[in-house]
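Data first, discussion second: the structure below is written as structure tokens.
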Amino acid sequence: MSRSDNGAVAVLPDAPAPLRLRLHAYIDVAVVVVVLICTNLIAHFTTSWASIVTVPVAALVLLALVRRRGLGWGELGLDPRQWRRGTIWALAAVGIVLGAVAIGAILPITRPFFLADRYATISGALIASMIVIPLQTAIPEELAFRGVLHGTLDRAIGARGVFATGSLLFGLWHVASSLGLTSGNKGLSSFLGGGVAGQIAGIMLAVLATAAAGVVFTWLRRRSGSLLAPIALHWSLNGAGALAAAVVWHTTMR
């Protein structure tokens, strides 16, 4: 309210609706980012049980939160009308990845990069690729990043912001998981070296690689209109890589 020269009290108009909506969108983005940061820290630096359940639970909580804030299923990549299109793109993405992984596992120059200690057994790789990776990584991470974060960023700063900010945050999301990456991978340790410098280089490489992957996931999400396509690509990259690592390990270390 303000007082005019003759003493009358005038009521100032509320902020324009577009300004209020933009402010709400920025608040939504801030809340989602804070939840993702806390989720990452809890999942990687607390208990083993937390590392299993934290990311899937956080993704569902974020989904419920933004739905209450008014994001539609289409904005989240979960519109059933896009499932058919998403499935077509998903199958194409999986086919390309499987071919690329097979070639990488065969070529002598790239074969050592598949020698990861965590996938030294076939049974462990199967469990990881068919259960752990889809339920603990691919589905919840895509729901959180290409679903919830994508939708909130799109409302706040548009498509360019989604690609730049969303992909950067996805890269930074992998800092904690890449600690000790070089020590558990013979190809990376020989390429980047050991010690602190090698570990830092491994983290930086992981962040750059996953940020680049985030760009591809985002493009696929927007192109297909569905989360099915980036989920399938994410799973195939990790799952096929795990299976290929187990095969390479057993054929190489005999």
Side-chain angles (χ1 to χ4, degrees), residues 27-69 71 76 116-121 123-153 165-185 188-189 192 194-214 217 227 230-231 234-235 237-239 241-242 245-246:
I27 292 173
D28 290 343
V29 170
V31 170
V32 170
V33 171
V34 169
V35 171
L36 287 174
I37 291 172
C38 294
T39 299
N40 193 279
L41 294 175
I42 293 171
H44 290 97
F45 299 107
T46 55
T47 65
S48 57
W49 276 107
S51 68
I52 296 173
V53 303
T54 301
V55 177
V57 169
L60 293 175
V61 169
L62 284 172
L63 175 62
L65 178 64
V66 297
R67 282 290 294 160
R68 287 187 61 86
R69 295 286 289 176
L71 261 72
L76 296 166
D117 293 344
R118 70 177 74 178
Y119 302 127
T121 64
S123 59
L126 282 171
I127 293 172
S129 63
M130 300 302 173
I131 300 175
V132 177
I133 289 172
L135 297 182
Q136 191 177 333
T137 303
I139 295 174
E141 285 189 2
E142 290 308 308
L143 181 59
F145 281 91
R146 257 61 62 180
V148 173
L149 184 62
H150 185 113
T152 54
L153 281 173
T165 306
S167 300
L168 176 61
L169 289 173
F170 188 62
L172 294 175
W173 169 266
H174 291 84
V175 169
S177 61
S178 62
L179 297 175
L181 179 65
T182 54
S183 61
N185 187 294
L188 283 176
S189 60
L192 298 174
V196 176
Q199 291 190 20
I200 294 175
I203 293 171
M204 294 177 62
L205 183 62
V207 170
L208 289 174
T210 49
F217 293 153
L227 273 183
I231 286 174
H234 196 154
W235 168 80
L237 285 169
N238 292 4

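Computed from a predicted structure; not experimentally measured.
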Spatial distance of atom [atom1] ([X]) from atom [atom2] ([Y]) [nearest 0.5 Å]:
X    : Y    : atom1 : atom2 : value
I131 : Q136 : CD1   : CD    : 11.5 Å
S167 : R146 : OG    : CZ    : 7.0 Å
L169 : H174 : CG    : NE2   : 12.0 Å

Would you be so kind as to tabulate the donor-acceptor pairs closer than 3.5 Å made by side chains of residues 48-68, with sequence neighbours excluded?
residue: S51; atom: OG; partner: S48; partner atom: O; Å: 2.5
residue: T54; atom: OG1; partner: A50; partner atom: O; Å: 2.4
residue: R67; atom: NH1; partner: L71; partner atom: O; Å: 2.9

Distance-only criterion, 3.5 Å: show the donor-acceptor pairs between side-chain atoms of residues 202-209 and protein atoms not counting sequence neighbours.
none

Do W235 side-chain atoms and T137 backbone N/O form a donor-acceptor pair below 3.5 Å? no

Hey, does the side chain of H44 reach the backbone of N40 with a donor-acceptor pair shorter than 3.5 angstrom?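 Yes: the side chain of H44 pairs with the backbone of N40.
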
Does a side-chain heavy-atom distance below 4.5 Å link L227 with L143? yes

Note, F170 side chain near E141 side chain (heavy atom, < 4.5 Å):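 In short, these two side chains touch, coming nearer than 4.5 Å.
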
If you look at every heavy atom in P140 and P134, which pair is closest and at what distance? CD-O, 3.6 Å

On a heavy-atom basis, which atom in A125 and which in A246 lie closest, and how many Å separate them?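 Nearest pair, atom of A125 first, then A246: CB-CB, 3.5 Å.
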
Using the test ring-ring contact (aromatic ring centres under 6.0 Å, His included), find all partners of W173 that sit at least two apart in sequence or belong to another chain. F145

